Amino acid sequence: MNNFSPIPIDDYVETAMGWLTDTFSGLFKAVQNNGEDLMNGLTSLLTAIPPFVFILVVAVLAFVATGKKFGLAIFSILGLLLVYNQELWEELMQTFTLVLFSSLIAIIIGIPLGILMSKNNWVEEMVKPILDFMQTMPGFVYLIPAVAFFGIGVVPGVFASVIFALPPTVRFTNLGIRQVPKELVEAADSYGSTANQKLFKVELPLAKSTIMAGINQTVLLSLSMVVIASMIGAPGLGREVLSALQRAQVGNGFVAGLCLVIFAIIVDRLTQSFNKKKY
Amino acid sequence: MGKIKIEHVTKVFGKNTSAALKLVEQRVEKTAILEKTGATVGVYDANLEIEEGEIFVIMGLSGSGKSTLIRLLNRLINPTSGSIYIDGQDVTKLSKKQLQEVRRKKMSMVFQNFGLFPHKTILQNTEYGLEVRNISKEERQMKAEKALQNAGLLPYKDQYPSQLSGGMQQRVGLARALANDPEILLMDEAFSALDPLIRKEMQDELLELQANVQKTIVFITHDLNEALRIGDRIAIMKDGQIMQVGTGEEILTNPANEYVRNFLEDVDRSKVLTAEHAMVRPKTINIENDGPKVALQRMKEDAVSVLLVVDRHRNFKGYITADDALEISKRGYKDINTILKTDMPVVEPTMLIQDILPIISDSPTPVAVVLDGRLKGVLIRGVIIEALASSTQEVNEHE
Ligand SMILES: Nc1ncnc2c1ncn2[C@@H]1O[C@H](COP(=O)(O)OP(=O)(O)O)[C@@H](O)[C@H]1O
Ligand SMILES: [Mg+2]
């Protein structure tokens with residue numbers, strides 16, 4: 001016995017989305033087109049590099065970044081050779097582009113937002129619940145506005161990944177700056193630092209390892225969106241997993257999944273190794 | 001007019017400041033005010049005049065408002081009401097830019113836990129005040145190196161703070177302040193985190209420095225001995241209020257009220273000589289690294305026949321004698337564990353000298369002063385007797 005008709009939340013949302021897509025359709029279209037070109041360009045560039053050169057560069061980077069240890073370098077060589085051997089190299093490069101763009105955009109938005117949050121309690125109070133909301137939402141949900149704004153393809157994939165992957169960078173930047181010992185903040189102030197001098201000479205360097213931990217999580221989250229984003233047409237390893245799933249091809253699905261895991265491990269270890277303390 | 005003048009300065013922490021202020025005027029207790037209004041009184045109606053070139057000490061128990069008061073001077077904390085004049089200029093009225101200028105040129109601060117930036121080298125730390133003033137790299141490096149040179153720390157300039165001992169870190173803290181050549185030094189419990197022996201050295205260095213450069217120094221401590229030792233004048237605070245200002249002599253002979261009298265008595269009781277006051281720096285050897293050759297060399301250098309043995313963390317292990325070291329050295333043994341003796345008496349830093357006297361007169365060896373397993377110093381019979389003699393003399397002079 002429901003005497004009340006349901007509140008038409010769905011209609012409200014649809015109206016709002018409709019208004020947004022209409023009003024900003026020019027902007028969305030521009031972002032869609034340019035974004036697509038930019039990312040395709042990067043993928044072609046990466047694919048143009050001979051795979052063996054690429055693998056060598058990654059191995060050297062891994063060797064240097066992990067402090068002249070061979071473990072990750074050897075893993076990278078074997079793992080990437082396997083991807084090449086499975087003829088998934090181009091898909092790997094597409095995934096790489098997707099993760100790179102989503103992570104970079106998330107970092108470019110996330111760090112300044114985190115700084116703002118750390119400097120202003122009011123902003124922190126406002127942003128925290130939004131971040132909680134963003135993190136409790138399953139990644140799929142972001143596909144809906146992504147498609148509404150940008151149609152299908154790699155750009156809406158990046159859009160959804162950025163929203164999904166943003167929170168850790170914001171949170172950890174805020175946390176890292178707020179954790180700088182009070183006495184050091186006082187020292188910076190007492191010597192007459194401007195707000196910017198304090199931020200760049202003291203607070204950010206001291207928050208660096210915390211922020212890097214947040215960035216590492218952001219990169220991994222955007223990687224975890226790869227398969228989901230392929231549902232709206234983002235290319236790459238994710239699409240291989242998805243199509244194997246749809247056709248119940250266990251073997252193919254396993255291979256594509258394995259390649260994703262190899263990529264994830266290399267990315268995770270590399271971003272972590274940039275986070276070494278020197279003092 | 002004095003170099004620094006504070007007029008009716010009050011600081012209330014929290015939201016309900018005006019209600020709290022009213023209660024303070026009615027002489028309501030600080031804890032009651034906190035209960036009623038949720039606001040904490042940090043400093044209440046402080047009035048002070050500090051002269052150019054003096055070391056002005058602010059004393060009081062923990063929570064009495066010392067740190068708040070000193071931070072009001074450079075406005076790390078903004079006053080709720082009142083005026084603060086530095087060279088006649090009211091700093092409470094300064095704009096952000098002007099305040100930065102005052103902080104950069106007029107005064108520098110030294111912190112209890114040193115406040116050094118862990119990600120910067122000693123030189124970079126020392127340069128910090130000059131760096132934020134946008135002084136050229138060559139000039140600031142030159143000035144910072146000179147400040148480090150004066151502190152005897154130039155060889156450490158490329159190390160990081162965590163690589164230095166506490167005493168050295170605070171020398172860097174002081175060098176950083178002096179590199180700016182400020183007129184005023186603000187020192188908040190600057191020596192309180194240091195071991196007693198190093199602390200005494202630092203006090204001496206500060207006095208020597210003051211004899212040479214004549215800064216105006218505001219120095220906070222909760223230790224009466226330190227206050228009497230270095231202060232030209234002393235202010236005593238309680239619950240955010242200044243109880244009395246005067247020279248050490250004036251305050252000791254003429255306490256303004258019951259509180260000050262009790263406060264001095266409390267401190268005086270602890271002033272009775274303890275192990276901490278009479279101990280000297282021990283000659284030590286590290287059991288994990290050093291062998292008998294090093295031990296013998298060190299004994300020769302320092303002209304002693306006994307070395308105290310510690311581990312890497314300065315945990316006290318025992319002692320070795322020259323005879324034993326010579327013996328195993330001849331036989332070619334390396335490990336000093338084989339000759340380690342553990343029968344040296346051990347006392348805590350707070351133990352009274354009168355209780356130590358029977359121990360030390362029964363013991364063939366010196367007595368180790370140890371806190372939580374760490375070696376702090378060593379008591380030597382001759383030095384103890386000397387200390388006793390000079391302290392009776394001091395007491396006599398006071399009377
Ligand atoms: N930022 C703050 N917020 C609230 N209360 C504070 C703050 N800083 C100090 N207080 C309070 O002010 C009083 C004086 O503190 P403080 O100046 O640090 O004392 P002291 O340095 O003599 O130990 C204490 O009761 C302390 O709890
Ligand atoms: Mg204090």
Side-chain angles (χ1 to χ4, degrees), chain A residues 65 67 111 114-116 118-126 169 172-216 271-279, chain B residues 67 70-71 73-78 94 96-122 124-134 158-164 172-173 176-177 179-180 182 184-190 193:
Chain A
I111 290 181
I115 292 172
L116 207 64
S118 71
K119 293 291 169 191
N120 188 319
N121 289 335
W122 186 81
V123 174
E124 189 188 34
E125 293 298 310
M126 297 295 297
T169 295
F172 279 69
T173 304
N174 175 42
L175 182 75
I177 293 180
R178 283 182 185 263
Q179 271 179 347
V180 173
K182 182 161 171 262
E183 212 182 57
L184 299 185
V185 177
E186 283 188 332
D189 281 331
S190 73
Y191 282 91
S193 315
T194 63
N196 275 341
Q197 286 173 329
K198 183 167 68 166
L199 183 66
F200 288 106
K201 290 178 197 292
V202 177
E203 290 174 319
L204 284 179
L206 289 173
K208 197 182 105 199
S209 65
T210 310
I211 296 175
M212 286 303 290
I215 288 178
N216 173 263
T271 49
Q272 272 187 30
S273 66
F274 292 139
N275 196 11
K276 287 271 143 53
K277 275 210 160 137
K278 72 167 188 293
Y279 49 84
Chain B
S67 293
I70 204 170
R71 279 166 177 71
L73 298 180
N74 61 357
R75 273 187 53 196
L76 285 179
I77 295 177
N78 283 313
L94 296 181
K96 212 172 177 183
K97 266 242 116 54
Q98 290 170 316
L99 178 62
Q100 258 162 30
E101 221 34 41
V102 169
R103 286 172 173 175
R104 287 175 180 188
K105 307 234 166 103
K106 278 245 158 85
M107 40 190 170
S108 296
M109 195 156 185
V110 183
F111 295 86
Q112 178 166 8
N113 297 306
F114 324 135
L116 299 180
F117 303 123
H119 61 294
K120 291 180 181 286
T121 64
I122 298 307
Q124 288 166 344
N125 264 287
T126 314
E127 282 178 353
Y128 188 81
L130 302 161
E131 185 185 342
V132 296
R133 284 160 66 177
N134 298 319
D158 293 324
Q159 307 222 322
Y160 287 92
S162 61
Q163 293 171 286
L164 268 56
V172 176
R176 174 174 70 177
N180 256 346
I184 300 169
L185 276 180
L186 304 174
M187 305 181 73
D188 185 3
E189 307 234 14

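Below, chains carry the letters A, B, ... as their sequence lines are ordered, and counting in each starts from 1. Just so we're clear, the structure is a prediction, and the values are computed from it rather than from any experiment.
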Report summary line: Cut-off 4.5 Å, heavy atoms of chain A, and the answer for D188(B) is neither
Report summary line: All heavy atoms of S193(A) vs all of Y128(B), minimum pair found to be OG-OH, 2.8 Å
**Report entry** CG on D189(A) to CZ on R75(B), rounded to 0.5 Å
**Finding:** 11.5 Å
Query - Smallest separation among heavy atoms of A187(A) and G115(B), with atom names - result: CB-O, 3.7 Å
Query raised in the report: Are any side-chain N or O atoms of E183(A) and backbone N or O atoms of N113(B), one a donor and one an acceptor, separated by less than 3.5 Å?
Result: yes
**Report entry** Per-residue contact mode, F111(B) against chain A (heavy atom under 4.5 angstrom)
**Finding:** both
Report task. Report yes if the side chains of M109(B) and E186(A) come closer than 4.5 Å at any heavy-atom pair, otherwise no. Result -> no
Query raised in the report: Taking every heavy-atom pair that is under 4.5 Å apart, which of L76(B), L99(B), N74(B), V110(B) has the most such pairs with chain A?
Result: L76(B)
**Report entry** Structural part of Q112(B) lying under 4.5 Å from a heavy atom of chain A
**Finding:** both
Query raised in the report: For K119(A), does the NZ atom sit with more than 12 other heavy atoms under 6.0 Å from it, leaving out its own atoms?
Result: yes
**Report entry** Check: Y191(A) side chain, L130(B) main-chain N or O, donor-acceptor pair, under 3.5 Å
**Finding:** no
**Report entry** K201(A), part contacting chain B, at a heavy-atom distance under 4.5 Å
**Finding:** both
Report task. Heavy-atom distances under 4.5 Å only: say whether L186(B) touches chain A with side chain, backbone, both or neither. Result -> neither
Query raised in the report: What part of R176(B) is in contact with chain A, defined as an atom under 4.5 angstrom from a non-hydrogen atom: side chain, backbone, both or neither?
Result: both
Query - Minimal non-hydrogen separation, L184(A) against L116(B), with atom names - result: CD2-O, 3.2 Å
Report summary line: The reported gap from NZ in K120(B) to CG in L206(A) (rounded to nearest 0.5 angstrom) is 9.0 Å
Query raised in the report: Which atoms form the tightest heavy-atom contact between N134(B) and Q197(A), and what is the distance?
Result: OD1-NE2, 4.0 Å
